[in-house]
Amino acid sequence: MNVLVTGGAGYIGSHAVKSLRLAGHRVVAVDNLSRGFRAAVTGDTPLVVHELGDWEHITRILRGNRIDCVMHFAALAYVGESVDDPLRYYRNNTAHALELLHAMRLAGVRKFVFSSTCATYGEPSPEHIPIREDCPQRPINPYGWSKFFVERALLDHCRATPDFACAILRYFNVAGADRETEIGEAHNPETHLIPIVLQAALGLRPHVEIYGTDYPTPDGTCIRDYIHVEDLIAAHLLCMDRLTPGTPMVYNLGIGRGHSVREIIAAAERVAGGKIRVVEGPRRPGDPPRLFADPSRIQRDLGWTAKITAVDDIIESAWKWLSRHPQGYTSQHPVG
Ligand code: UFG
């Protein structure tokens with residue numbers, strides 16, 4: 001298939017580009033490089049540096065490359081930033097996705113895989129955990145709402161357009177790197193737990209701060225469902241092959257188990273082979289105590305299960321990447 005990957009220079013999008021190519025698809029990446037890195041786009045994949053909001057240009061790209069399917073990863077994804085500048089999130093994540101769908105309609109592209117988030121669930125009540133896809137969606141920040149609105153538009157568009165097929169994939173906490181350690185997680189600034197803990201292990205930061213130790217969880221720290229990026233992308237490829245007009249696919253992508261912040265730090269110490277300095281701090285606003293998926297719907301429908309489920313293996317994968325690319329993609333000479 002000819003696949004357009006938006007956000008193809010970002011963390012998750014770049015893994016999609018690589019996996020699609022290895023599976024024999026022809027891939028075109030689009031990215032405005034506001035958060036992504038040119039070097040993350042592997043092989044001879046063409047990269048179009050452009051804004052998705054420019055639907056006329058995107059229509060030309062879709063037509064010119066005879067695109068069959070769009071995988072849409074391009075988005076801003078910092079919860080705190082979305083609270084400070086909501087309009088930026090609604091423009092970039094919601095409005096641009098709608099312009100992309102408009103361009104797809106003009107170009108006659110009828111397959112769409114959408115990168116959504118467990119942030120659309122907000123703070124589910126305890127009886128909804130593990131989280132199933134029918135859990136009420138009540139986002140608690142503009143980031144979650146910006147993705148939720150696209151989900152809503154997609155479901156309506158799918159219902160009204162008999163030949164349009166889409167998948168909505170709600171990610172939990174994505175981590176790890178590809179097995180060749182060619183591409184991996186590189187955010188600036190980095191806010192995610194696993195890279196931060198590993199940067200502390202490498203001495204790139206003095207310590208890791210635990211955001212809250214008084215949560216109603218066994219060790220007092222927040223619990224999340226960490227899924228390896230290659231398992232996540234494998235689910236995208238499966239969904240793409242099974243897209244069915246008129247029947248939107250909606251799936252949670254997680255491993256179905258949670259790990260606390262302290263458990264992640266302990267696992268990182270095992271992997272890195274040394275103590276990591278920890279500072280206990282206050283809660284970060286907007287962090288729900290426990291979030292983990294019930295991924296049984298995609299298991300039942302498509303036979304997908306996460307292959308990398310041991311937290312040490314997920315962290316090992318992130319560790320290999322970070323120790324070889326301590327400065328991310330700006331590093332000219334990988335270490336090791
Ligand atoms: N944490 C720390 N110290 C840190 C960083 C994180 O204690 O330095 C904690 C957080 O408070 C949270 C857990 O580690 O309890 C995981 O935090 P991340 O920032 O890695 O991930 P989140 O669960 O906050 O965010 C993820 C996605 C978001 C998405 C959100 C939905 O990265 O895109 O889930 O809740 F919006």
Side-chain angles (χ1 to χ4, degrees), residues 7 10-13 35 73-83 86 89 92-93 114-124 128-131 135 137-148 150-151 169-176 185-187 189-201 204-229 232 252-255 258-268 276-293 311 314-315 318 322:
Y11 169 41
I12 300 173
R35 299 271 154 102
F73 298 93
L76 300 171
Y78 293 123
V79 169
E81 186 181 65
S82 80
V83 175
Y89 274 65
N92 191 83
N93 294 2
F114 177 55
S115 156
S116 191
T117 167
C118 66
T120 59
Y121 295 116
E123 289 196 37
H128 286 299
I129 292 175
I131 300 171
C135 170
Q137 287 177 287
R138 298 191 198 99
I140 55 166
N141 50 58
Y143 168 64
W145 281 113
S146 72
K147 292 280 188 172
F148 175 80
V150 179
E151 286 199 9
L169 303 178
R170 298 183 187 140
Y171 307 165
F172 284 68
N173 290 57
V174 188
E185 186 166 11
H187 294 114
E190 188 52 78
T191 61
H192 296 101
L193 180 66
I194 290 178
I196 284 180
V197 169
L198 295 178
Q199 286 171 357
L204 296 173
R205 53 175 82 222
H207 60 260
V208 50
E209 180 175 345
I210 300 183
Y211 297 146
T213 53
D214 60 348
Y215 282 97
T217 58
D219 68 16
T221 66
C222 286
I223 292 174
R224 294 288 181 275
D225 183 335
Y226 295 90
I227 173 173
H228 193 276
V229 65
L232 184 100
N252 284 338
L253 294 181
I255 67 167
H259 294 281
S260 72
V261 174
R262 287 196 203 280
E263 286 170 347
I264 293 295
I265 295 170
I276 296 169
R277 206 170 151 251
V278 168
V279 172
E280 295 187 359
R283 291 183 179 197
R284 185 172 70 176
D287 274 341
R290 284 162 83 233
L291 286 177
F292 57 95
V311 70
I314 293 176
I315 292 179
L322 189 73

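If you read the sequence from its start, that first residue is 1, and numbering goes on from there. Whatever order the structure lists ligands and atoms in, that order sets their numbers, starting from 1. For the numbers below, each heavy atom of this structure counts, side chains included, while hydrogens, waters and symmetry mates do not. Owing to the predicted nature of the structure, the values given are computational and were not obtained by experimental measurement.
- Below 4.0 Å from some heavy atom of Thr191 lie the following atoms of ligand 1, by number and element: 5 (C), 19 (O).
- The ligand atoms of ligand 1 that sit less than 4.0 angstrom from a heavy atom of Cys222 are 15 (O).
- Contacts between Leu193 and ligand 1 below 4.0 angstrom, taking non-hydrogen atoms only, involve backbone and side chain alike.
- At a heavy-atom distance under 4.0 Å, only side-chain atoms of Tyr143, from C-beta outward, approach ligand 1.
- Of the N and O atoms on the side chains of Tyr89 and Glu81, at least one donor lies less than 3.5 Å from an acceptor on the other residue.
- Closest to atom 9 (C) of ligand 1, if we only count protein heavy atoms, is Val261 CG2, 3.8 Å.
- At least one side-chain heavy atom of Tyr121 sits under 4.5 Å from a side-chain heavy atom of Asn252.
- A donor-acceptor contact closer than 3.5 angstrom is absent between the side chains of His207 and Glu209.
- Of all atoms in ligand 1, listed by their number and element, those nearer than 4.0 Å to a heavy atom of Ile210 are 7 (O).
- Of the protein's non-hydrogen atoms, the one nearest atom 2 (C) of ligand 1 is Tyr211 CD1, 3.4 Å.
- Looking at Arg284, Arg290, Arg224, Glu190 and measuring to atom 17 (O) of ligand 1, the nearest heavy atom belongs to Arg284.
- Taking every non-hydrogen atom of Ile196 and a distance limit under 4.0 Å, the qualifying atoms of ligand 1 come out as 8 (O).
- Checked by distance only, ligand 1 and Glu209 come closer than 3.5 Å through their nitrogen or oxygen atoms.
- Ile210 is listed as a side-chain neighbour of Val278, based on a closest heavy-atom distance under 4.5 Å.
- Closest protein heavy atom to atom 32 (O) of ligand 1: His192 NE2, 3.0 Å.
- The closest donor-acceptor contact from the side chain of Gln137 to the backbone of Pro139 lies at 3.5 Å or more, if one exists at all.
- Nearest protein heavy-atom contact of atom 16 (C) of ligand 1 is Tyr226 OH, 3.6 Å.
- Close approach of ligand 1 to Cys118 (heavy-atom distance below 4.0 Å) involves ligand atoms 31 (C).
- When non-hydrogen atoms are compared, ligand 1 lies under 4.0 Å from neither the backbone nor the side chain of Tyr121.
- If you check which protein heavy atom lies closest to atom 30 (C) of ligand 1, you get Ala119 CB, 4.5 Å.
- By the criterion of a heavy-atom distance under 4.0 Å, the side chain of Asn173, and not its backbone, is placed next to ligand 1.
- Contact of the Tyr78 side chain with the Pro189 side chain is registered, since non-hydrogen atoms from C-beta on lie closer than 4.5 Å.
- Contact check for Ser260 versus Thr217: no side-chain heavy atoms found under the 4.5 Å cut-off.
- Residues Val83 and Pro142 form a side-chain contact, since some pair of their non-hydrogen atoms from C-beta on lies under 4.5 Å apart.
- Atom CZ of Arg138 is surrounded by 12 or fewer heavy atoms from other residues, nucleotides or ligands within 6.0 Å.
- Among all protein heavy atoms, the one lying closest to atom 11 (O) of ligand 1 is Asp287 OD2, 2.5 Å.
- Each of the atoms 36 (F) of ligand 1 lies under 4.0 Å from some heavy atom of Val79.
- Side-chain N or O atoms of Asp225 include one that pairs as donor or acceptor with a backbone N or O of Ala293 at under 3.5 Å.
- Salt bridge present: Arg262 and Glu280 bring a charged side-chain N and a carboxylate O closer than 4.0 Å.
- Under 4.0 angstrom from ligand 1, the non-hydrogen atoms of Leu291 all belong to its side chain.
- Under a 4.0 Å N-O distance rule, the pair Glu151/Arg170 qualifies as a salt bridge.
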